[in-house]
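Since the structure is predicted, the reported quantities are computational estimates derived from the model, not experimental observations. Sequence positions, counted from 1, serve as the residue numbers for this chain.
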Amino acid sequence: ASTRPDLGDIKTLEQFILEQQDRFPHSTGAFSRLLRDISLAAKIVNRDMRKAGLIDIYGSTGETNVQGEVQQKMDALAHREFVLALRRGGECCLIGSEEHAEAIPLDTSSEGDGKYIVLLDPLDGSSNIDVCVSVGTIFSIYRLPDEYDEDEPDLDAALQPGTEQIAAGYVVYGSSTMMVYTTGNGVNGFTLDTSIGEFLLSHPDLTTPKTGRIFSINAGYYHSFEDGLCDYLDWLQEYDENDPNRPAKTRYIGSFVSDFHRNLLKGGIYMYPATQSSPEGKLRLMYEANPMAWIAEQAGGRATDGHTRIMEKSPTKLHQRTPLFIGSEDMVRRAEAFLQGDPDRV
Ligand code: P6P
């Protein structure tokens, strides 16, 4: 039987957010409005994304962003849409974005309370746009600590460990467009019905399988991985008559949000370890690893850097990177065991 709700009990993201808000009697509605602002920007990015090939907005702007990568036009456009939506909404006082070297303070005198900080990767995997491979947005929301003034928030206010997040989510612009997020009470997935412009609850109470048969890693770097990791990858690909998940299957499309989302639903592990060219790994702690780590944990999975729980890492820089092992709990624990030289521990 399908887990999809029948037409009788369609629930929009807005209705869902308001239901959740009712669970917090003293809530002012500011957080609900913030999530609404984010979902609006996601719909706009989705609209422009689906026309990328038509209105010639892909290809590079020729400028380079803080990552030194050639900035794809869609990256810049997605960044702008989220900043505009958050500025208009007035609930966010500070934005940290992969597309901008410094944190961006927003003038909150307009409407909202300006009590929230949003860290985001506006468009992860954007080099895939030109070849029509799916991409995604990742966001992480913190509350402005009481000791800071929303009119003068500074970067330190944003450098909180992942355990302090109050919401984390992603949008995957794939064969359909989905928004998946958590506020600490489980994970829920919404699919965009473009005919009515609404995200509809399609994956209530998402949980991830405890183990799986899919591993996602760039095998091209095999010779630069640490030994324990090579041993783990070799182990995964050995036949074992007692283990239906070995040999494991590799699925890696070069778009973290899509690889993560597929593994969340089917079971699997995504790994971006330290390599020679990326000694700290490639994924960013604040707006890629932390939000996805919370979603993974809330869905029953696990996320570490091979040794330390991602959400307990103390941030020092907005764009700092971290090695990342994330997904089904048993697979992440097994990877850790190999990395720590104790493969038979689990
Ligand atoms: P590599 C995209 O640039 C990204 O940040 C992730 O979305 C993706 O999983 C990874 O980098 C791909 O990196 O080094 O394997 O090409």
Side-chain angles (χ1 to χ4, degrees), residues 11-21 27-49 74-75 77-100 103-106 108 110-124 135-144 153 158 162 165-174 177-185 187-194 197-203 206 257 260-261 286-288 290-292 294-295 298:
K11 186 175 292 181
T12 67
L13 173 62
E14 308 249 347
Q15 288 165 329
F16 182 85
I17 292 171
L18 289 176
E19 270 177 19
Q20 296 297 310
Q21 175 185 308
S27 71
T28 62
F31 179 64
S32 302
R33 287 190 295 273
L34 179 68
L35 278 178
R36 178 210 57 198
D37 298 339
I38 288 173
S39 70
L40 173 65
K43 288 187 233 180
I44 294 169
V45 170
N46 178 69
R47 176 201 63 193
D48 295 337
M49 169 86 52
M74 273 307 294
D75 262 348
L77 185 147
H79 170 80
R80 205 163 48 246
E81 290 306 339
F82 278 94
V83 171
L84 274 177
L86 290 169
R87 188 191 307 278
R88 245 189 333 258
E91 303 302 345
C92 171
C93 64
L94 189 65
I95 293 178
S97 167
E98 175 159 50
E99 298 307 319
H100 212 267
I104 305 164
L106 295 185
T108 61
S110 56
E111 7 215 305
D113 307 334
K115 290 291 186 200
Y116 296 104
I117 295 167
V118 177
L119 306 180
L120 84 157
D121 185 359
L123 212 54
D124 178 72
V135 291
T137 296
I138 310 173
F139 61 88
S140 171
I141 302 176
Y142 290 90
R143 200 182 305 285
L144 180 72
Q165 293 175 98
I166 59 161
Y170 61 86
V171 183
V172 50
Y173 310 95
T177 296
M178 276 195 70
M179 180 158 150
V180 178
Y181 79 95
T182 184
T183 56
N185 303 299
V187 177
N188 288 282
F190 300 80
T191 300
L192 181 63
D193 179 337
T194 50
E198 294 281 6
F199 279 105
L200 304 183
L201 181 62
S202 54
H203 295 68
L206 254 175
V257 175
F260 176 86
H261 182 70
M286 296 311 289
Y287 42 78
E288 291 174 323
N290 266 330
M292 295 306 227
W294 199 19
I295 290 172
Q298 282 286 308

Is there a side-chain contact between [X] and [Y] in this structure, where contact means two heavy atoms from C-beta onward sitting under 4.5 Å apart?
X	Y	value
Arg88	Leu40	yes
Arg47	Thr194	no
Asn46	Tyr173	yes
Glu91	Asp113	yes
Leu84	Ile44	no
Met49	Leu123	yes
Leu106	Cys93	no

Can you name the closest pair of heavy atoms from [X] and [Y] and give their distance?
X	Y	result
Ser140	Met286	CB-O, 3.8 Å
Val180	Gly189	CG2-CA, 4.1 Å
Ile295	Val187	O-CG2, 3.6 Å
Phe82	Ile38	CE2-O, 3.7 Å
Asp121	Glu288	OD2-OE2, 2.7 Å
Gly162	Tyr142	CA-OH, 3.4 Å

(request) Please work out which of the three classes, parallel, tilted or perpendicular, describes the rings of Tyr116 and Phe31, given edges at 30° and 60°. (result) tilted
(request) Measure up the His79 and His100 rings against each other and bin them: parallel (under 30°), tilted (30 to 60°), perpendicular (over 60°). (result) parallel
(message) Using the rule given for side chain to side chain contact (heavy atoms under 4.5 Å, CB included), can you reason through Val45 versus Val171, listing the C-alpha separation, both sets of side-chain angles and the distance that settles it, and then say yes or no?
(response) CA-CA 10 Å; Val45 170; Val171 183; over 6 Å; no
Gap between atom [atom2] of [Y] and atom [atom1] of [X] - 0.5 Å precision:
X	Y	atom1	atom2	value
Gln20	Asn188	CD	CG	6.5 Å
Asp37	Cys92	CG	SG	9.0 Å
Phe260	Tyr170	CZ	OH	5.5 Å

(message) Walk me through whether Leu144 and Ile117 qualify under side chain to side chain contact (heavy atoms under 4.5 Å, CB included).
(response) CA-CA 6 Å; Leu144 180 72; Ile117 295 167; 4.0 Å; yes
(request) Decide yes or no on side chain to side chain contact (heavy atoms under 4.5 Å, CB included) for Tyr181 and Phe139, but give the supporting numbers first. (result) CA-CA 9 Å; Tyr181 79 95; Phe139 61 88; 4.2 Å; yes
(message) Ignoring hydrogens and geometry beyond distance, is a side-chain donor-acceptor pair present between Glu198 and Thr12 at under 3.5 Å?
(response) no
(message) Apply side chain to side chain contact (heavy atoms under 4.5 Å, CB included) to residues Lys43 and Thr177 and explain how you reach the verdict.
(response) CA-CA 9 Å; Lys43 288 187 233 180; Thr177 296; over 6 Å; no
(message) Looking at Thr137 and Pro122, would you say the former's side chain and the latter's main chain have a donor-acceptor pair under 3.5 Å?
(response) yes
(request) Output yes when a side-chain donor or acceptor of Glu98 lies under 3.5 Å from a complementary backbone atom of Leu120, and no otherwise. (result) no
(message) Taking CZ in Arg36 as the centre, count heavy atoms belonging to other residues, nucleotides or ligands within less than 6.0 Å. Is the count above 12?
(response) yes
